[in-house]
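A short write-up of the structure that comes next.
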Amino acid sequence: MSDLLEELNPKQKEAVENTEGPCLVIAGAGSGKTKVLTYKIAYLLKEKNVKPWNVLAITFTNKAANEMKERTAKLIGENINDLWLGTFHSICVKILRKFIDRLGFDNSFAIFDTTDQKTLVKNCLKELNIDSKMFAEKSVLNEISNAKNEMLEPEQYNFKYADDYRKKIIGKVYTLYQRKLKENNAIDFDDIINFTIKILMENPDVLEYYSEKFKYILVDEYQDTNKSQFTLVTLLASKYGNITVVGDNDQGIYGFRGADITNILNFEKDFPGTQVIKLEQNYRCTGNILKAANAVIKHNENKYDKKLWTENEEGALPYVYCGEDEYAEANFIIEQINRLKREEYYKYSDFAVLYRMNSQSRAIEDKLRIEDIPYKIVGGLKFYERKEIKDAIAYLRLISNQSDNLSLERIINEPKRGVGKTSIDNIRELANQNDTSMYEIIKNADKYIPRIYSNTREFISTIEELKSLDVPVSELITETLNKTGYTQSLKNENTVEAESRIQNLEEFLTVAEEFEKESADKSLTEFLNGISLASDTDSLEDTDNVVTLMTLHSAKGLEYPTIFLVGLEEGIFPGYQSMDNPADIEEERRLFYVGITRAKQHLFMTFARRRTIFGSTSYNPPSRFLKEIPKDILEGYEDAMQEKSLADEFEDVALEWNYGRKHDAYSLKNKVKTYKADDNYLNENKVATFEAKDSYLKENKTSSTSSFGRTAESFLASLQAKKTNSTDISKYKVGQRVFHKKFGEGVITKLEPEDDDIKVDLDFEKAGHKRLMAKFAGLEILE
DNA sequence: ACCGTCGCCATTTTT
DNA sequence: TGGCGACGGT
């Protein structure tokens with residue numbers, strides 16, 4: 001085992017050997033981050049004789065956890081079952097399963113996913129008679145989740161925001177939401193970590209136990225931790241302080257989910273005596289790709305400046321391409337795939353197409369299908385979110401935990417048992433009044449309901465029967481689907497869709513069988529916990545020889561010989577939502593950086609002159625990020641820009657147009673307010689811009705009923721106008737009658753050259769006096 | 001209780 | 001454009 005360290009470069013070696021005390025490893029893309037982590041675990045066990053159960057290694061994804069398990073097992077060549085290696089959530093669930101009774105929950109607690117959460121919030125809003133227009137469940141849930149990320153319990157939240165009208169109401173929802181969770185004996189994702197923290201903080205014996213146990217702690221992707229995760233780690237490391245965190249401040253792309261990049265930036269402060277080690281040698285990308293990546297990330301304010309370097313060859317220059325529209329963009333991708341397959345013997349699985357949002361996949365898919373190129377899409381519809389799977393899970397959840405009202409409501413009339421909305425409302429109401437579960441109400445219907453619903457009675461006896469079965473999970477599923485008539489009712493439908501649902505259920509059965517084979521604890525609760533924490537991307541395998549399509553976010557941690565970064569346009573990437581906040585732009589830039597550094601050999605970056613989004617056409621300028629890469633390390637840049645030049649000339653209009661299209665005056669105003677309130681962001685220009693845009697919008701709003709289509713139209717008109725006018729401004733004279741798309745007919749009263757444009761004063765018959773720029777006015781000359 | 005239609009809305013999402 | 005929730009008709 002002494003050769004363990006010899007496979008590492010000096011920096012990696014330093015990171016591995018440095019076992020005592022806090023250690024921060026800034027690991028650039030492709031610098032062997034996982035290698036350092038796994039070797040460090042191996043080093044601890046083999047060289048330092050640390051017991052495996054004294055080591056805790058935390059990752060964010062199951063995928064990363066599995067990879068780490070495999071690689072560690074290979075290194076130390078024996079079983080690693082005693083090692084605590086898992087995701088934040090799985091580790092916390094493990095702790096909760098043991099100690100959640102300290103918070104008054106039962107150990108068979110359910111974990112509510114996003115859909116459950118939404119339903120629950122909806123119920124709360126209804127119960128509190130809150131206008132769901134003003135308080136959309138989505139935004140309320142978001143707010144609750146944010147509160148949890150900041151580790152504010154309902155009481156603290158209410159206290160903190162006692163004088164904020166809106167938040168006061170949300171606080172009420174939050175309070176009820178938590179109460180309902182408890183009634184359902186359920187917790188949500190955020191609770192998993194927060195409750196663990198709560199138990200540790202309120203129970204010295206538990207804290208003592210775990211902080212003593214975990215003598216060495218390692219955390220992966222530390223830049224993506226949020227406040228709770230930081231707190232958890234801090235608590236667990238409180239006794240020994242041997243904590244190694246690995247991360248890359250340039251790859252933090254989950255800020256919108258509460259990840260707090262300051263965790264990694266402040267690590268040295270938080271853990272005095274920290275050894276900082278930077279891994280800057282990249283083993284993945286070619287020199288030119290790396291240069292592009294470095295050039296881009298340089299534009300971010302950065303505490304841990306690093307400069308990635310590589311011994312790899314320079315390679316091909318990253319290529320820039322501009323297509324007429326998104327289909328041309330797709331065609332380009334296909335051409336390149338075919339070319340590289342032919343010329344450099346690449347396989348389909350060597351290519352990945354990365355985009356900013358899922359909806360961008362459509363055009364590419366269409367073209368790939370036409371060309372018969374096999375592909376797969378990562379993300380999108382998730383297995384566990386399919387209706388039939390959720391139904392099956394709901395049955396299992398109810399069997400495991402009868403307090404789970406949500407699951408009960410989901411399946412009490414699925415398949416149809418003639419239990420309608422009214423009955424369910426009644427039962428829910430009764431459960432509320434009697435402070436018990438809906439299940440209990442139905443089960444003891446004679447005690448609560450004068451008239452007994454015979455069809456619900458049958459439902460209960462089926463569940464009771466299933467509950468009493470002492471069989472493996474897979475068999476329980478089969479029994480459930482049979483006894484409840486679920487499969488039968490699908491068969492009766494006799495449609496293609498129903499057939500595929502049945503197949504999915506069979507797949508689900510396979511998942512259960514797998515679980516029985518692999519898991520030490522084969523209980524139903526364990527199974528349910530497992531699937532609550534599972535996600536599709538975990539099982540992303542590259543065994544199939546197909547092209548991969550996915551969002552940039554999903555691509556994190558992956559690598560491909562050839563990468564296509566598509567849709568590099570202002571408003572798309574960076575997305576329009578980020579354009580007004582410098583911090584958001586930096587996150588977008590990190591995302592771009594992540595995208596670039598996925599590529600091992602070839603990088604293609606594409607954008608389109610024209611693109612259809614949400615049913616209407618937009619003309620977006622090329623992404624500012626492209627311009628941050630020095631032209632001399634790009635191929636095709638000039639051509640692409642020339643292609644784009646027409647639209648590019650109108651950058652301002654295009655930007656404004658995007659803006660008007662996406663933001664209504666209300667949300668804009670709010671933004672201005674937020675900016676004004678927050679001194680850190682206060683910037684006179686910014687506010688002024690907002691206000692200008694605000695009034696621009698108002699103007700537009702009043703002039704058209706559907707600002708959406710109309711704004712697009714008038715933008716197009718102005719584009720069109722520019723085309724003709726730029727050659728023909730000569731026709732503009734004082735006194736000339738003209739027509740304007742929005743203001744109608746009018747007369748030119750004054751002309752004044754400005755830069756390469758002309759300021760035109762006009763008197764309109766209806767709209768009155770206006771001053772417009774000739775370029776954008778789109779005036780039609782009337783003879 | 002179920003189905004159709006209308007109108008609204010629109011990132012990213014490790015768990 | 002397309003997916004989803006709200007509403008109203010049978």
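The shown structure was predicted, so the numbers you read here are calculated from the model rather than taken from an experiment. Quick note on labels: first sequence line is chain A, next is B, and so on, each numbered from 1.
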- Check the distance between B:dT13's C1' and A:Phe189's CZ and give it to me in whole angstrom. 11 Å
- Ranking B:dT12, B:dT15, B:dC2 by distance to the side chain of A:Thr61, first place goes to B:dT15
- Would you indicate which nucleotide in B:dT11, B:dC2, B:dT15 comes nearest to any side-chain atom of A:Ser578? B:dT11
- Anything under 30° is parallel, anything over 60° is perpendicular, the rest tilted; go ahead and classify A:Phe105 against A:Phe195. tilted
- Task: Check every strand shown and say whether A:Glu588 touches a base, only sugar-phosphate, or nothing at a heavy-atom separation below 4.0 Å.
- Result: base
- Do A:Asn492 and A:Gln488 have side-chain atoms, one donor and one acceptor, less than 3.5 Å apart? yes
- Which whole-number value in Å describes the distance from A:Lys138 NZ to B:dT13 C1'? 12 Å
- What is the nucleic acid contact for A:Asp190, judged by heavy atoms within less than 4.0 Å: base, sugar-phosphate only, or nothing? nothing
- Verify the contact: side-chain N or O of A:Thr551 to OP1 or OP2 of B:dT13, cut-off strictly under 4.0 Å; return yes or no. yes
- note: A:Leu528, atom CG; B:dT15, atom C1'; distance rounded to Å ~ 16 Å
- A:Ser554 side chain near B:dT13 phosphate (N/O to OP1/OP2, under 4.0 Å): yes
- Between CD of A:Glu587 and P of B:dT13 the distance, given in whole Å, is 12 Å
- Message: Classify the ring geometry of A:Phe573 against A:Phe592: parallel below 30°, tilted from 30° to 60°, perpendicular beyond 60°.
- Response: perpendicular
- Message: Taking the nucleotide of DNA chain B with the nearest heavy atom to each, does A:Val419 or A:Gly575 sit closer to the 5' end?
- Response: A:Val419
- Message: Among B:dT13, B:dT15, C:dG2, which nucleotide has an atom closest to any side-chain atom of A:Tyr254?
- Response: B:dT13
- Can you figure out which of C:dG2, B:dT13, B:dT15 approaches the side chain of A:Arg362 most closely? C:dG2
- Is A:Phe256 stacked on the base of B:dT12, with ring centres under 5.5 Å apart and planes under 30° apart? yes
- Note on the structure: Against the side chain of A:His553, the closest entry in B:dT12, B:dT15, B:dC2 is B:dT12
- Task: Please say which of A:Val25, A:Ile217, A:Val219 ends up in a side-chain contact (heavy atoms from CB on, under 4.5 Å) with A:Thr244.
- Result: A:Val25
- Message: Quick one about A:Ser228 and A:Thr231 (side-chain donor to acceptor, distance below 3.5 Å, no hydrogens or angles considered), yes or no?
- Response: no
- Separation of atom CD1 in A:Ile585 from atom P in B:dT11, rounded to whole Å: 17 Å
- Please state how far atom CD in A:Gln360 lies from atom P in B:dA10, giving the value in whole angstrom units. 17 Å
- In whole Å, what is the span from the CD atom of A:Glu137 to the C1' atom of C:dG5? 9 Å
- Query: Just wondering, do A:Phe614 and B:dA10 stack (centres under 5.5 Å, planes under 30°)?
  - Reply: yes
- Among B:dT15, B:dT11, B:dT12, find the nucleotide with the atom closest to the side chain of A:Asn358. B:dT12
- Task: For A:Lys148 and B:dT15, give me the distance from atom NZ to atom C1', rounded to whole Å.
- Result: 13 Å
- Message: Let's go through A:Ile95 and A:Phe99 carefully: what are the C-alpha distance in whole Å and the side-chain angles of both, what is the deciding distance for side-chain contact (heavy atoms from CB on, under 4.5 Å) to 0.1 Å, and is it a yes or a no?
- Response: CA-CA 6 Å; A:Ile95 298 178; A:Phe99 290 107; 4.2 Å; yes
- Task: With heavy atoms under 4.0 Å as the rule, sort A:Lys556 into base, sugar-phosphate or nothing.
- Result: nothing
